[in-house]
There are 2 protein chains.
Amino acid sequence: MTGARRRVTQQDIARMTGVSQATVSLVLNGRSDAEVKLSAETREKVLRAIAETGYVADPIARRLASRHNRIIGVFTYEPVFPSANSDFYHPFLVGIEQQAEVLGCDLLLMTSTPVVDGRRRLFHGDNRLRLADGSILLGRTIDRADLARLLAEEIPFVSIGRRDDAGGPVPYVGADYAAATAEIVRQAIVLGHDRLAYLGLGAGPESWADRGRGFRETVASAGVYGGHFAPPAEGEPVRDTAAVLDAALAAGVTAVVAEEHADGVALYELARERGVALSVATLGEPTRAALPTAVEFTSLRIPRQAMGAQAVEVLTALIEGTPGGRQRLLPCEVVPGETLSERGN
Amino acid sequence: MTGARRRVTQQDIARMTGVSQATVSLVLNGRSDAEVKLSAETREKVLRAIAETGYVADPIARRLASRHNRIIGVFTYEPVFPSANSDFYHPFLVGIEQQAEVLGCDLLLMTSTPVVDGRRRLFHGDNRLRLADGSILLGRTIDRADLARLLAEEIPFVSIGRRDDAGGPVPYVGADYAAATAEIVRQAIVLGHDRLAYLGLGAGPESWADRGRGFRETVASAGVYGGHFAPPAEGEPVRDTAAVLDAALAAGVTAVVAEEHADGVALYELARERGVALSVATLGEPTRAALPTAVEFTSLRIPRQAMGAQAVEVLTALIEGTPGGRQRLLPCEVVPGETLSERGN
DNA sequence: TCAAGGGGCTAATACGAATTAGCTCAGGAA
DNA sequence: TTCCTGAGCTAATTCGTATTAGCCCCTTGA
């Protein structure tokens with residue numbers, strides 16, 4: 001289709017130097033160990049011809065023959081657009097790039113995957129998962145059936161974000177939301193709050209379930225009150241912030257832990273507006289656009305770049321069969337901020 | 001290396017259904033035109049087997065046989081790190097992704113390329129350019145020799161950012177810095193400034209040369225004074241901002257146009273600090289981290305996302321031999337801001 | 001009864017590299 | 001002279017798919 005002149009092949013080099021294609025391949029791969037012997041003279045000749053022609057091996061053919069190609073697939077469930085999404089996922093990608101660079105791998109962003117109902121379909125007709133040596137999966141929710149199938153088909157992959165078993169343990173590099181949420185709840189308690197509430201689903205995708213669990217277990221073990229206000233549905237913002245605020249105040253709640261940054265911001269700003277003292281902490285970087293705010297929120301710093309880099313590490317270990325754990329949970333730093341303050345402020 | 005059980009192939013499907021591998025391939029590609037005839041029955045049988053086994057064609061083999069694979073390479077000259085760089089380049093990537101998604105292409109980020117002297121080497125021993133159907137090149141400076149070689153070897157590519165000829169016209173999608181800079185200079189003149197200065201190299205890589213040219217031509221044709229203060233070297237910040245400010249004031253300059261956002265910010269803030277009235281406009285999004293500032297700078301909005309998307313368009317046109325221009329210059333919006341004000345303010 | 005004319009399919013080959021079994025030849029030992 | 005050995009190389013095969021020439025058989029027409 002490109003109409004370009006035919007590329008130089010090993011066959012061409014072989015003809016030029018009067019050796020066989022096999023010899024060219026051997027020279028190219030520096031195979032001159034005990035198994036294979038090549039005279040220095042032949043090697044020179046071939047290398048000279050390679051230099052002259054500027055020959056480079058066709059990675060595609062190489063992969064067909066050798067079964068791997070130093071390509072890491074990157075699959076993002078959430079479409080990159082709208083760009084709020086894109087900003088959230090970018091740091092992961094940066095970490096992945098960083099590590100890929102270290103390892104000398106290329107990255108295949110699987111943008112070809114069709115988007116159905118706002119989510120990408122991993123397994124579909126012309127699925128390209130096999131193109132890469134292995135893949136990294138990114139996204140809040142990952143279809144359980146897809147995970148099971150990946151495991152069953154023994155396609156090497158690593159999920160960014162913890163995943164429950166899906167017919168077997170899922171390799172992942174996640175953030176320890178449960179521990180981080182527990183830490184925030186503990187800080188609130190230390191600041192005198194003894195009636196807390198959780199704003200969010202606290203269930204569903206692992207990342208939310210972990211946060212919810214961290215909250216529930218900590219309030220329970222501390223013996224303080226822990227209320228719960230849920231948004232209308234997965235991924236949707238709280239519709240009636242005023243109602244939530246009213247309910248929280250009615251329940252005597254003085255500190256709210258919000259799953260979604262945007263929801264927390266809205267609640268805090270409304271409380272401010274009304275002149276009510278309410279502490280709010282949010283559980284992660286914004287994935288949705290939040291109201292503009294000048295306030296430093298008490299929140300979590302998700303180690304996104306590190307997660308990306310470590311996902312590549314786990315993936316290569318997986319591909320190469322190196323021993324070691326296939327599941328890593330990275331600690332999440334608590335960002336102090338000014339929205340979680342002493343009870344009554 | 002993965003030790004996975006052998007994947008299902010067309011051969012397997014063929015054996016299962018009692019047809020030949022060729023038939024399976026034909027069914028798969030929906031080849032039942034005037035050339036090739038297949039009975040509905042056979043097609044059904046094969047399709048059923050494909051559905052049962054969950055067979056998917058190996059993209060690698062497909063590419064080897066058919067000479068293209070719907071992969072677009074993305075090569076970034078500047079390393080992605082430090083992350084200031086990464087933030088600058090991200091919007092381009094988003095645009096590229098967007099368009100790739102529309103076209104059903106995957107993106108290959110060539111992170112395997114070794115970095116030498118702080119820049120990536122495009123042509124190197126185990127060069128993977130040919131893995132993709134074509135590539136997009138990103139970076140402030142692109143080696144002229146590399147461009148010439150790409151053209152000579154007829155490797156389809158598009159540069160993001162205008163490029164001078166390199167042994168032939170270089171396909172590109174650039175931003176029209178010359179026009180945008182001219183517009184800013186004209187605005188300054190309208191605001192009463194008749195002694196302007198350019199802070200930056202104004203030469204070298206095309207993107208800077210274009211800005212410099214826009215400035216020089218406009219001051220010349222307007223008959224106003226246009227001074228020039230250059231940073232120490234390409235890509236380096238202005239060392240002695242105070243010296244620049246002194247010199248500018250000594251020359252009676254009242255408005256400065258800065259190539260690099262960070263340099264402009266530093267200059268403006270220093271003038272503020274000293275209580276001197278000085279207008280400053282900067283010529284683009286920050287590529288280096290600037291001082292934190294609360295001021296809205298008069299600046300340029302580089303249509304990065306659009307540039308990325310259009311680069312993909314030009315590239316596919318190139319690959320498919322579709323007629324049409326291979327060089328596009330997109331307009332740059334001038335961001336009003338408050339740092340370019342009437343002379344004396 | 002034979003030729004002509006498809007329809008429906010397959011055999012064979014190409015793609016470019018990696019890999020392995022084995023060939024050839026020189027030199028030394030028996 | 002024959003046999004062996006090892007160094008140095010090549011022929012042949014493999015990977016999984018796309019493509020094309022052409023085979024076989026059933027109709028139809030004469």
Side-chain angles (χ1 to χ4, degrees), chain A residues 1-2 4-15 17-46 50 53 55-70 125-131 133, chain B residues 1-2 4-46 50 53 55-70 125-128 130-131 133:
Chain A
M1 176 114 350
T2 65
R5 69 165 183 286
R6 218 173 57 70
R7 52 172 298 150
V8 180
T9 69
Q10 291 188 353
Q11 200 55 257
D12 298 330
I13 305 281
R15 268 191 291 268
T17 52
V19 300
S20 71
Q21 174 264 322
T23 304
V24 176
S25 172
L26 293 173
V27 169
L28 232 106
N29 297 326
R31 295 278 310 274
S32 194
D33 40 24
E35 308 280 284
V36 185
K37 304 263 175 189
L38 294 175
S39 72
E41 192 193 354
T42 302
R43 184 193 322 288
E44 294 291 304
K45 236 181 0 187
V46 172
I50 288 175
T53 56
Y55 165 87
V56 266
D58 181 344
I60 296 274
R62 216 213 259 286
R63 156 80 164 160
L64 188 61
S66 70
R67 330 290 293 118
H68 61 270
N69 59 8
R70 305 196 71 74
D126 185 20
N127 147 343
R128 327 239 295 172
L129 278 173
R130 298 273 187 187
L131 220 167
D133 289 344
Chain B
M1 174 117 349
T2 65
R5 68 162 183 287
R6 220 174 54 70
R7 51 172 296 149
V8 180
T9 68
Q10 292 187 352
Q11 200 56 256
D12 299 328
I13 305 282
R15 267 190 292 268
M16 286 175 58
T17 52
V19 300
S20 72
Q21 173 265 322
T23 304
V24 177
S25 172
L26 293 174
V27 169
L28 232 106
N29 297 325
R31 294 279 311 274
S32 194
D33 41 24
E35 308 279 286
V36 185
K37 303 265 172 187
L38 294 175
S39 69
E41 191 193 355
T42 303
R43 184 193 322 289
E44 294 292 303
K45 233 180 3 185
V46 172
I50 289 176
T53 55
Y55 164 87
V56 265
D58 182 344
I60 294 276
R62 215 211 255 290
R63 155 79 164 162
L64 188 59
S66 70
R67 330 289 292 115
H68 60 271
N69 58 10
R70 306 196 71 74
D126 185 20
N127 147 345
R128 327 237 298 175
R130 302 222 101 114
L131 220 168
D133 290 344

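Just so it is clear: chains get the letters A, B, ... in the order the sequence lines come, proteins before strands, and each one is counted from 1. This is a predicted model, so every value here is computed, not measured.
For the pair L64(A) CG and dT19(C) C1', the computed distance is 13 Å after rounding to whole Å. If you measure from atom CD1 of I60(A) to atom P of dA18(C), you get 13 Å, rounded to the nearest angstrom. Look at CD on E41(A): it is 13 Å from C1' on dC9(D), rounded to the nearest Å. Here dA18(C) presents its C1' atom at 17 Å from CZ of R70(A), a figure rounded to the nearest Å. Taking atom CD on Q11(A) and atom C1' on dG16(C), their separation rounds to 9 Å, with Å as the unit. I13(A) has its CD1 atom 13 Å from the P atom of dA18(C), to the nearest Å. One atom, CZ of R63(A), and another, C1' of dC15(C), lie 16 Å apart when rounded to the nearest Å. One atom, CG of D58(A), and another, P of dC15(D), lie 19 Å apart when rounded to the nearest Å.
Within the 4.0 angstrom heavy-atom criterion, only backbone atoms of the sugar-phosphate kind lie near L38(A); the bases stay farther away.
To the nearest 0.5 Å, atom OG1 of residue T23(B) and atom CZ of residue R43(B) are 11.0 Å apart.
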Going through the distances and angles, do D12(B) and T53(B) end up as a side chain to side chain contact (heavy atoms under 4.5 Å, CB included)?
CA-CA 10 Å; D12(B) 299 328; T53(B) 55; over 6 Å; no
Decide yes or no on side chain to side chain donor-acceptor pair (under 3.5 Å) for Q11(B) and Q21(B), but give the supporting numbers first.
CA-CA 5 Å; Q11(B) 200 56 256; Q21(B) 173 265 322; 5.2 Å; no
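Side-chain contact between L28(B) and Y55(B) is present, with at least one heavy-atom pair separated by less than 4.5 Å. Taking the side chain as every heavy atom from C-beta outward, R63(B) and D133(B) approach each other to under 4.5 Å.
Side-chain nitrogen and oxygen atoms of S39(B) include at least one within less than 4.0 Å of the OP1 or OP2 phosphate oxygen of dC9(C). Put simply, T42(B) has a side-chain N or O that comes within less than 4.0 Å of OP1 or OP2 on dC9(C). Residue T9(B) places no side-chain N or O under 4.0 Å from the OP1 or OP2 atom of dG16(D).
Taking both residues in full, the closest heavy atoms of A57(B) and R62(B) are given as CB-NH2, 3.7 Å, listed atom of the first, atom of the second, then distance.
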Nucleotides 18-24 of chain D: which of its N/O atoms have a protein N/O under 3.5 Å away?
| residue | atom | partner | partner atom | Å |
| --- | --- | --- | --- | --- |
| dA18(D) | OP1 | R62(B) | NH1 | 2.4 |
| dA18(D) | OP2 | Q10(B) | NE2 | 3.1 |
| dA18(D) | OP2 | S25(B) | OG | 2.9 |
| dA18(D) | OP2 | N29(B) | ND2 | 3.3 |
| dA18(D) | N7 | Q21(B) | NE2 | 3.3 |
| dA18(D) | N6 | Q21(B) | OE1 | 3.2 |
| dT19(D) | OP2 | R31(B) | NH1 | 3.4 |

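Panel note: side chain N29(A), backbone R31(A); no donor-acceptor pair is recorded below 3.5 Å.
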